[in-house]
Amino acid sequence: QVQLVESGGGLVQAGGSLRLSCAASGRTFSDVAMGWFRQAPGKEREFVATISWSGGSTYYADSVKGRFTISRDNVKNTVYLQMNSLKPEDTAVYYCASRSRQSYSDYEGSYDYWGQGTQVTVSS
């Protein structure tokens, strides 16, 4: 059974930074791509960022490009999301997800395992 556990969420002022972590277990982490998604109150879950199995390729939603950075440590079986210049509209529950392919994807339906989510709140 694959388990994904997010951490690092919290309350931050606009313009601040947070780093989310997602610890994975139960599958060969280094063989699969990972992604971050988020869901704001009253909205559908949306794609944020994704990274290939090796970390060599990444892709971002336009809304976070230039502010967020996804990375991974295949020794620690952990994927990260560094979030800088945070805005109130970044407020959401952030989820990490794993897909059984090496290539990255922004398609939510291609991910087969999800974490429980971590709350990020950005105050103005």
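Using a distance-only test at 3.5 Å, with no hydrogens or angles considered, no donor-acceptor pair links the side chain of Thr50 to the main chain of Tyr59. The backbone N or O of Trp53 sits nowhere less than 3.5 Å from a side-chain atom of Gln102 that would complete a donor-acceptor pair. A donor-acceptor contact shorter than 3.5 Å is absent between the side chain of Asn77 and the backbone of Ser30. When atom types are taken as modelled, the side chain of Gln39 and the backbone of Ala92 share no donor-acceptor pair closer than 3.5 angstrom.
In this structure, the separation between CZ on Arg99 and CD on Glu108 is 12.5 Å, given to the nearest 0.5 Å. Expressed to the nearest 0.5 Å, how far CZ of Arg101 lies from OG of Ser52 amounts to 13.0 Å. Atom CG of residue Asp31 and atom CG of residue Asn74 lie 9.0 Å apart, to the nearest 0.5 angstrom. The structure places OG of Ser25 at 4.5 Å from CD of Gln3, a figure rounded to the nearest 0.5 Å.
Shown here for Pro88 and Ala14, the closest heavy-atom pair between the two residues is CD-CB, 4.1 Å. Thr78 approaches Ser21 most closely through the heavy-atom pair CG2-CB, 4.2 Å.
Under a cutoff of 6.0 Å and an axis angle of 45°, Arg72 and Tyr80 do not form a cation-pi pair.
Residue pairs meeting the salt bridge (Lys or Arg N to Asp or Glu O under 4.0 Å) criterion with at least one member in residues 75-88, sequence neighbours excluded, do not occur.
Side-chain contact between Tyr95 and Arg38 is absent, with no heavy atoms from C-beta onward closer than 4.5 Å. Under the 4.5 Å side-chain criterion, counting only non-hydrogen atoms from C-beta, Ser105 is in contact with Ser110. In this structure, Gln82 and Ser71 have side chains that are not in contact, with every pair of non-hydrogen atoms separated by 4.5 Å or more.
Leu18 belongs to a hydrophobic cluster whose other members, connected by ILVMFWY side-chain contacts under 4.5 Å either directly or through intermediates, are Val2, Leu4, Val12, Leu20, Phe29, Val32, Met34, Trp36, Val48, Ile51, Tyr60, Val64, Phe68, Ile70, Val79, Leu81, Met83, Leu86, Tyr94, Tyr113, Val120, Val122.
Residues passing the ring-ring contact (aromatic ring centres under 6.0 Å, His included) test with Phe37 are Phe47, Tyr111, Trp114, sequence neighbours excluded.
Lys43 NZ: 12 or fewer foreign heavy atoms inside a 6.0 Å radius.
A donor and an acceptor atom, one from each side chain of Ser85 and Arg67, are nowhere located under 3.5 Å apart.
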